[in-house]
Amino acid sequence: MNENAPFFSNKLISWYLENKRELPWRGTKDPYFIWLSEIMLQQTRVAQGMPYYFKFTETFPTVFDLAAASEAEVLKLWQGLGYYSRARNLHTTAKYIAYELNGRFPSTYKDLVALKGVGDYTASAIASICFSLPHAVVDGNVYRVLARVFGITTPINVSKGIKDFKVLAQKLLEESNPGTYNQAIMEFGARFCVPQNPECSRCIFKDECVAYNNGSVKEIPVKLKKVKVKKRFFNYLVFLSPDNTTQLIQRTQKGIWQQLYEFPLVETEKEVSLDVLKKETGFKTLVAGIQLQSVVLYKEDSVIHKLSHQHLYTRFWIVSVSEVKKNRVPISEIRDYPVPVLIQNFISEFSAFTN
DNA sequence: AAAGCGGGGCC
DNA sequence: GGCCCAGCTTT
């Protein structure tokens, strides 16, 4: 046991009890609700996840309700939250718990971490909050707080850093109340020891924080190399036929937006004119056997949809046809399909769909 | 060990 | 424009 542990955890927990937010998943130890909230909050701010937590708990009050839903329903409810593999894994795990475990949630770290979509962080969170098991969480907040207070400059995104921080976090864990301690350190990182411009001068750790007393708060935690952003050029073909149908295709390939729907897509190396687009193999395949009445660019300027690792330069081409042959979707039913935000934004502003 | 995976908020 | 967010999975 680290000799600093009681000092550190006592201060943290005192701060937490005075400063914690009332969040909808606080005040329950039901693992279904804690699990739901933890999956939603992976790489996601509380403010962004909150509305989804309300939607999911209302629509699926129990794990059986979630298990009984279709994947498309789950994805539709998840739409806009991003990292859609979380939703697919959530659904897979719900079915496993409901139908294989008869609704009894796993209650050990080992069994929790074996669930799809549940890694070390989430298993530790559920184990500590729901079952009072002594597993320390290490999320982005914990990295930041520990790195600064203890002056650790090992990069947080290399294996040595990941291992070292986990060991330290585990030493500092208040074992008589691991759930409260874990939430306390995360809340402290989220609300006080924030990434930019923390108010160190009135911090509870200002006397002992190594980074503050070093003047190195801005440089800590150390994180290696940022991702290089790739540019891609998307041309969506928005078919319109007289019977008020269009075409939507489900993305089943590897990559972004798996299992979500989109308009037929022609990806090109750069922004293209209509003449060039018409010569693309992908375009020819998509319109094969179809009577084209007109192809009109919706807007000249590309929409630049930014993902963390890709910038999608996107244009929508309105393709009037006499008949949609494949993957027909009545315009009135588009709203039932889970789609990326990029597509939803277009649907919401395109008059032929909104009228 | 490194890459891939969303969307949004803040500076 | 860059950084980060209650990370996990695949390669």
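No hydrogens, no waters, no symmetry mates; every other heavy atom, side chains included, goes into these values. In what follows, chains are A, B, ... by sequence order, proteins preceding strands, each numbered from 1. Everything numeric here is computed off the predicted structure, so don't read it as measured data.
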Round to the nearest Å and state the distance from A:L307 atom CG to B:dG4 atom C1'. 11 Å
Under 4.0 angstrom, heavy atoms only, what part of the nucleic acid is A:N182 near: base, sugar-phosphate, or nothing? nothing
Check whether any side-chain N or O of A:N19 sits under 3.5 Å from a backbone N or O of A:W15 as a donor-acceptor pair, and report yes or no. yes
Between C1' of B:dG6 and CG of A:L312, the distance in whole Å: 10 Å
Apply salt bridge (Lys or Arg N to Asp or Glu O under 4.0 Å) to residues A:D243 and A:R328 and explain how you reach the verdict. CA-CA 11 Å; A:D243 63 349; A:R328 294 171 71 242; 2.7 Å; yes
Whole angstroms only, please: what is the CG-P distance between A:N89 and C:dT10? 8 Å
Record whether the side chain of A:Q48 comes under 3.5 Å of the base of B:dG8 through a donor-acceptor pair of N or O atoms. no
A:R144 or A:V229: which one's nearest nucleotide on DNA chain C is closer to the 5' end? A:V229
CD of A:Q42 versus C1' of C:dT9: gap in Å, rounded? 11 Å
Taking the side chain of A:V46 as heavy atoms from C-beta outward, which of B:dC5, B:dG8, C:dA6 is closest to it? C:dA6
Taking atom types as they are modelled, is there a donor-acceptor pair under 3.5 Å from the base of C:dG7 to the side chain of A:T44? no
Go nucleotide by nucleotide along DNA chain B from the 5' end; which of A:Q196 and A:L260 gets its closest nucleotide reached first? A:L260
Same-atom distance (P) from C:dA6 to B:dC11, integer angstrom: 15 Å
Look at all strands and tell whether A:S85 reaches a base, only sugar-phosphate, or nothing, counting heavy atoms closer than 4.0 Å. nothing
Ionic contact status for A:E38 with A:R86, cut-off 4.0 Å: no
C1'-based separation of B:dC5 from C:dC5 [nearest Å]: 14 Å
For A:D139 and C:dC4, give me the distance from atom CG to atom P, rounded to whole Å. 14 Å
Candidate nucleotides C:dA6, C:dG1, B:dG4, ranked by approach to the side chain of A:W25 - the nearest: C:dA6
Kindly point out which of B:dG6, C:dC8, B:dG7 is positioned nearest to the side chain of A:Y121? C:dC8
Can you tell which of B:dG7, B:dG6, C:dA6 lies closest to the side chain of A:A190? C:dA6
For DNA chain C, whose closest nucleotide is more 5', that of A:K254 or that of A:S37? A:S37
Which residue is it: A:I256, A:L260, A:V339? I am looking for the one with a side-chain contact (heavy atoms from CB on, under 4.5 Å) to A:R251. A:I256
Would you indicate, yes or no, if C:dC8 has its OP1 or OP2 atom less than 4.0 angstrom from a side-chain nitrogen or oxygen of A:T122? yes
Closest nucleotide among B:dG9, B:dC5, C:dG7 to the A:R45 side chain: B:dG9
Ring centres under 6.0 angstrom apart (A:F150, A:F8): yes
Quick one: do A:K95 and A:E100 make a salt bridge, cutoff under 4.0 Å? no
May I ask you to say what A:V118 touches in the nucleic acid, namely base, sugar-phosphate or nothing, with a heavy-atom cut-off under 4.0 Å? sugar-phosphate
Does A:H309 have a side-chain nitrogen or oxygen under 4.0 Å from the phosphate oxygens OP1 or OP2 of B:dG4? no
Across the strands shown, which category fits A:Q258 at heavy-atom distances under 4.0 angstrom: base, sugar-phosphate, nothing? nothing
From CG of A:N197 over to P of C:dC4, roughly how many Å is that when rounded to an integer? 13 Å
On the nucleotide C:dC5, are OP1 or OP2 found under 4.0 Å from the side-chain N or O atoms that A:Q43 carries? no
Could you state the atom-to-atom distance from CG of A:L112 to C1' of C:dG7 in whole Å? 16 Å
Regarding A:L81, tell me which of base, sugar-phosphate or nothing describes its non-hydrogen contacts under 4.0 Å with the strands shown. base
Mind checking A:G255 for me? I need base, sugar-phosphate or nothing, with any heavy atom below 4.0 Å counting as a touch. sugar-phosphate
Can you tell me if the side-chain N/O atoms of A:W257 get under 4.0 Å from OP1 or OP2 in B:dG4? no
Closest-nucleotide 5' rank along DNA chain B - winner of A:N157 and A:G80: A:N157
In terms of side-chain geometry, is the basic nitrogen of A:K76 or A:D336 positioned less than 4.0 Å from the acidic oxygen of its partner? no
Gap between atoms NZ and P, on A:K306 and C:dC3 respectively (whole Å): 14 Å
With under 30° as parallel and over 60° as perpendicular, where do the rings of A:W35 and A:Y32 fit, or are they tilted in between? tilted
For atom C1', what is the distance between C:dC8 and B:dG9, given to the nearest Å? 23 Å
Say we look at B:dG6 and C:dC4: how far apart would their C1' atoms be, to the nearest angstrom? 13 Å
Is the distance from OP1 or OP2 of C:dC4 to the nearest side-chain N or O of A:Y143 less than 4.0 Å? no
With the side chain of A:P195 defined as its heavy atoms from C-beta on, choose the nearest nucleotide among B:dG4, C:dG7, C:dC4. C:dC4
